[in-house]
Amino acid sequence: MRTRVSGAAAALGVVVVTGVAAPGAVAAPAGAKDVTAAVLAGHDVTLSGDTVVTVPAGRTTYDGVFRGRGTLTVRGSGTLVLTKDSDFTLPESRQRQRVATQGGNHPYTTVSNPDAPAITVERGATLQYGTGGGTGLIGHFPYDTPGYRLNQLNIKVDGTLRLSLVRTFNLGTISGSGLVSQPRFMWGKLDIAGTHPFSGVIDNGTAMDAGKSEYPVSLPNARAVLNQGTWTVDTPLGQTVTLRQDFYQREYGSDINVQSRPGSKVVLTGQYSWSDQGGDTHPSLSDPALNWRPARKNVNKRGTNIKGADVQWGDGTTDKIFMPGTAETVYINLLAARARSRLTFDYDGPVTLGAPIGGGRFHDTLSAPGAGDVVIKGTKGNDVTFAAVQYYDGSTTVQKGAVLRLGSGRKGGDGGLHTEGRLYKVVNDGSLILRNTAEPLVLSRIGGSGSLTQSGTATATLTGAAVTYTGTTTVTKGTLALDGTGLVHSRAIRLTGSGARLDVRDAPGATLNLTTSLSGRGTVVGSVTSTGKVAGGLTVTGDYAQRAGGRLVAGDGALKVGGKVALAGRLDARAVASPRSPTPPKTGEKPKAGSGARPETGAETVTLIDHVGRGRTTGTFSGLKEGATVETGGAGHRISYRGGDGNDVVLTPATASPSASARAAGEPSGPKAARTQNAAGQGFLSGAWWPVAAALGLLATLLVTVTERRRGRRQGGRHASTR
């Protein structure tokens with residue numbers, strides 16, 4: 001219903017200025033004219049300075065227009081609806097902003113030193129542009145700006161500005177702390193051009209463009225964007241656009257489309273979240289976990305379409321991922337438009353991507369592979385987990401100092417990459433950690449200078465000759481399998497846990513051809529041929545062959561080998577300690593067999609290679625024949641290639657007696673033990689011989705003493721006493 005005023009003034013269609021404010025209104029600014037009566041009457045208003053309209057409670061539809069020179073302030077508690085376009089200007093004395101077009105063949109517009117607001121919507125009041133048609137906008141467009149029409153009339157919104165228009169339009173520079181709102185399914189489009197000091201909330205009901213190739217955009221203070229439609233970000237050539245606010249959505253079907261030009265980038269540092277509280281002016285989410293759980297009718301599902309753009313999530317100062325959720329609550333598309341897309345993760349703490357990156361249309365993200373590349377930026381603390389199998393055909397780069405984890409290490413959080421893509425590859429200069437718990441991982445084409453760690457219970461397989469990364473390979477848990485690769489470029493291989501397994505049965509020659517180093521306490525399933533360094537208490541289920549140039553480092557447990565053992569190269573036994581004083585075993589306790597670097601007793605043997613296979617050990621370490629003295633960290637040891645059960649490689653302290661050495665080499669069992677014991681029993685030192693020897697020695701001593709005394713008495717006598 002339209003509000004009118006009666007009497008001669010209404011009949012003549014003129015503005016009547018009484019100087020008395022409407023009931024309940026705040027006093028107008030000094031010198032401002034109150035045109036409330038004329039507006040309520042639907043008359044055209046010609047501005048001649050600062051002008052105020054006080055809107056009563058409810059809805060007031062205004063069919064007139066504003067013209068002239070001045071400013072317009074809307075206040076009150078109701079809604080003023082404009083049905084026609086209005087055009088006025090600021091007084092020339094207040095016009096100061098400068099508009100410049102630059103960029104040559106790729107022109108874009110910038111605004112500097114913007115004018116003070118020509119339109120102000122005070123707190124509590126609502127100004128509505130249009131009624132769902134193409135008119136109702138206040139604007140003045142004197143600029144020949146390429147690609148859009150820049151509005152000269154800037155606006156300050158501390159209340160609510162509602163945009164009910166089905167055309168493309170611009171509002172100039174927006175300031176204030178209120179709400180700029182577009183209704184749902186209102187198929188107009190707001191061009192948000194330039195830098196806006198606005199600190200309130202923008203409610204996008206249908207479509208808004210935040211930046212284009214013809215203008216940049218900046219919203220440094222905006223509190224949030226309530227995105228219930230399509231929010232599109234674009235950039236001029238060679239420009240970076242950064243949006244720092246959080247995005248929220250309440251309805252199914254909202255998305256953020258990102259475009260950019262060559263040499264340009266879009267940086268999004270906030271979070272795109274569902275909102276279940278706070279209304280339009282203070283959108284928020286009561287529980288962050290709700291982003292990860294599907295809601296009724298998918299009302300919490302939201303997505304982003306990256307269309308040939310260079311996009312970065314985070315700026316290295318936050319650990320809130322831009323798209324929190326799973327495949328049931330978010331979608332992410334990397335598309336090609338003019339160029340392939342790129343998505344960079346730049347956080348200062350751990351974040352988890354719970355959804356796949358694909359390349360389909362909107363929610364049907366997995367209907368096609370994504371056309372783009374992913375970068376994990378080398379920012380300190382940047383630790384990204386892919387807790388879903390990805391579906392983009394492109395490279396994945398982990399920069400130095402960054403971490404990428406495939407799999408969260410928890411049930412339902414397995415990850416992976418689209419290895420079947422034509423452009424798939426991994427450039428790992430940081431840390432790549434594999435943590436799947438159920439779904440096996442298969443990876444190929446991994447280069448770079450970074451490290452790879454397998455720490456998941458599900459098997460991870462590295463396949464193909466293009467596995468060329470040069471960093472350390474570590475297995476802390478589960479199995480890392482090699483298929484067509486031998487890790488010949490990896491600077492070190494470590495199996496740090498007793499349950500860590502490196503399966504080389506599908507490696508070239510079913511053998512790990514080691515040229516660098518292998519250490520730890522895990523198991524190599526298969527054979528090892530070493531021209532590198534081997535250390536630690538490892539187990540090799542197959543053959544172990546150490547070639548010239550190879551080195552075995554003793555001192556941290558025995559190398560256990562299930563197949564053949566063939567030796568050459570060096571032995572480094574400097575970590576083997578001096579034998580300690582003998583410690584007698586406790587009653588009923590068997591002496592310990594030697595297997596470590598620090599003997600338990602003075603005569604204990606250190607086992608270097610525990611050869612559990614049936615064959616004999618062949619070859620020797622360079623310069624160390626059977627029985628040779630080995631330089632150790634102690635007083636010296638002798639080496640035997642026939643120790644233990646006959647084919648172990650052992651070190652015996654050089655000070656030990658032959659019998660002690662034999663016993664310290666380990667007490668064999670079975671027939672071999674019986675033969676050893678019988679042979680010992682047949683010698684002079686067998687049995688309980690020492691009591692007899694002791695008695696005979698004592699008797700001999702007594703006889704010698706008595707004989708000497710008697711001889712002295714015979715030679716002395718009386719004659720002796722007189723000398």
Side-chain angles (χ1 to χ4, degrees), residues 1-7 9-10 15-45 47 49-66 70-84 86 88 116-132 136-138 153-165 171 174-184 186 198-203 205 222-224 226 277-283:
M1 179 178 178
R2 289 169 171 77
T3 305
R4 305 288 188 183
V5 292
S6 59
V15 176
V16 178
V17 181
T18 64
V20 179
V26 178
K33 295 181 180 180
D34 190 331
V35 296
T36 302
V39 170
L40 295 180
H43 297 161
D44 293 347
V45 174
L47 307 181
D50 295 330
T51 306
V52 176
V53 177
T54 302
V55 185
R59 180 185 176 94
T60 298
T61 300
Y62 179 52
D63 292 328
V65 298
F66 298 99
T71 66
L72 176 65
T73 297
V74 179
R75 56 175 50 170
S77 59
T79 301
L80 177 63
V81 180
L82 308 183
T83 64
K84 297 179 180 179
S86 293
F88 61 86
I119 307 153
T120 298
V121 184
E122 292 191 349
R123 188 180 302 275
T126 299
L127 175 62
Q128 179 173 316
Y129 286 171
T131 58
L137 175 70
I138 299 176
L153 301 180
N154 301 329
I155 186 168
K156 181 179 182 181
V157 182
D158 288 322
T160 299
L161 175 65
R162 184 172 295 132
L163 307 172
S164 186
L165 296 167
L171 298 174
I174 309 170
S175 58
S177 59
L179 173 67
V180 176
S181 177
Q182 179 194 55
R184 291 268 289 168
M186 189 61 56
F198 181 66
S199 60
V201 174
I202 299 175
D203 173 13
R223 188 165 68 251
L226 181 57
Q277 63 184 14
D280 294 345
T281 56
H282 294 87

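Quick note: numbers below take in every heavy atom, side chains included, and nothing from hydrogens, waters or symmetry partners. Predicted model, so just to flag it, every value in this text is computed and none were measured.
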- Message: Could you work out, with side chain to side chain donor-acceptor pair (under 3.5 Å) as the rule, every residue matching Arg223, not counting sequence neighbours?
- Response: none
- Query: For the atom pair NE2 (His43) and CG (Asp63), what is the distance rounded to the nearest 0.5 Å?
  - Reply: 11.0 Å
- Task: State the CG-OG distance between Asp203 and Ser181, to the nearest 0.5 angstrom.
- Result: 3.5 Å
Considering only heavy atoms from C-beta outward, does the side chain of [X] approach that of [Y] to under 4.5 Å?
{"X": "Phe66", "Y": "Val39", "value": "yes"}
{"X": "Thr120", "Y": "Thr71", "value": "no"}
{"X": "Thr73", "Y": "Asp50", "value": "no"}
{"X": "Leu171", "Y": "Tyr129", "value": "yes"}
{"X": "Leu72", "Y": "Val53", "value": "yes"}

Between [X] and [Y], is there a donor-acceptor pair closer than 3.5 Å when you use the side chain of the first and the backbone of the second?
{"X": "Thr126", "Y": "Gly124", "answer": "no"}
{"X": "Asp44", "Y": "Gly64", "answer": "no"}
{"X": "Gln128", "Y": "Gly130", "answer": "yes"}
{"X": "Thr83", "Y": "Tyr62", "answer": "yes"}
{"X": "Ser164", "Y": "Gly132", "answer": "yes"}
{"X": "Lys156", "Y": "Gly176", "answer": "no"}
{"X": "Thr36", "Y": "Thr54", "answer": "yes"}

State, to 0.1 Å, how close [X] and [Y] come at their nearest heavy-atom pair, and which atoms those are.
{"X": "Arg59", "Y": "Thr131", "result": "NH2-CG2, 4.4 Å"}
{"X": "Arg162", "Y": "Thr79", "result": "NH1-CG2, 4.3 Å"}
{"X": "Met186", "Y": "Leu165", "result": "CG-O, 3.3 Å"}
{"X": "Leu161", "Y": "Val157", "result": "N-CG1, 3.8 Å"}
{"X": "Pro283", "Y": "Val201", "result": "CD-CG2, 4.2 Å"}
{"X": "Phe198", "Y": "Leu179", "result": "CZ-N, 4.2 Å"}

- Query: Hey, mind stepping through Ile119 and Leu127 against side chain to side chain contact (heavy atoms under 4.5 Å, CB included) and telling me if it holds?
  - Reply: CA-CA 10 Å; Ile119 307 153; Leu127 175 62; 4.1 Å; yes
- Item | Any residue meeting side-chain contact (heavy atoms from CB on, under 4.5 Å) with Ser199, in chain and number order, not counting sequence neighbours | Ser177, Asn221
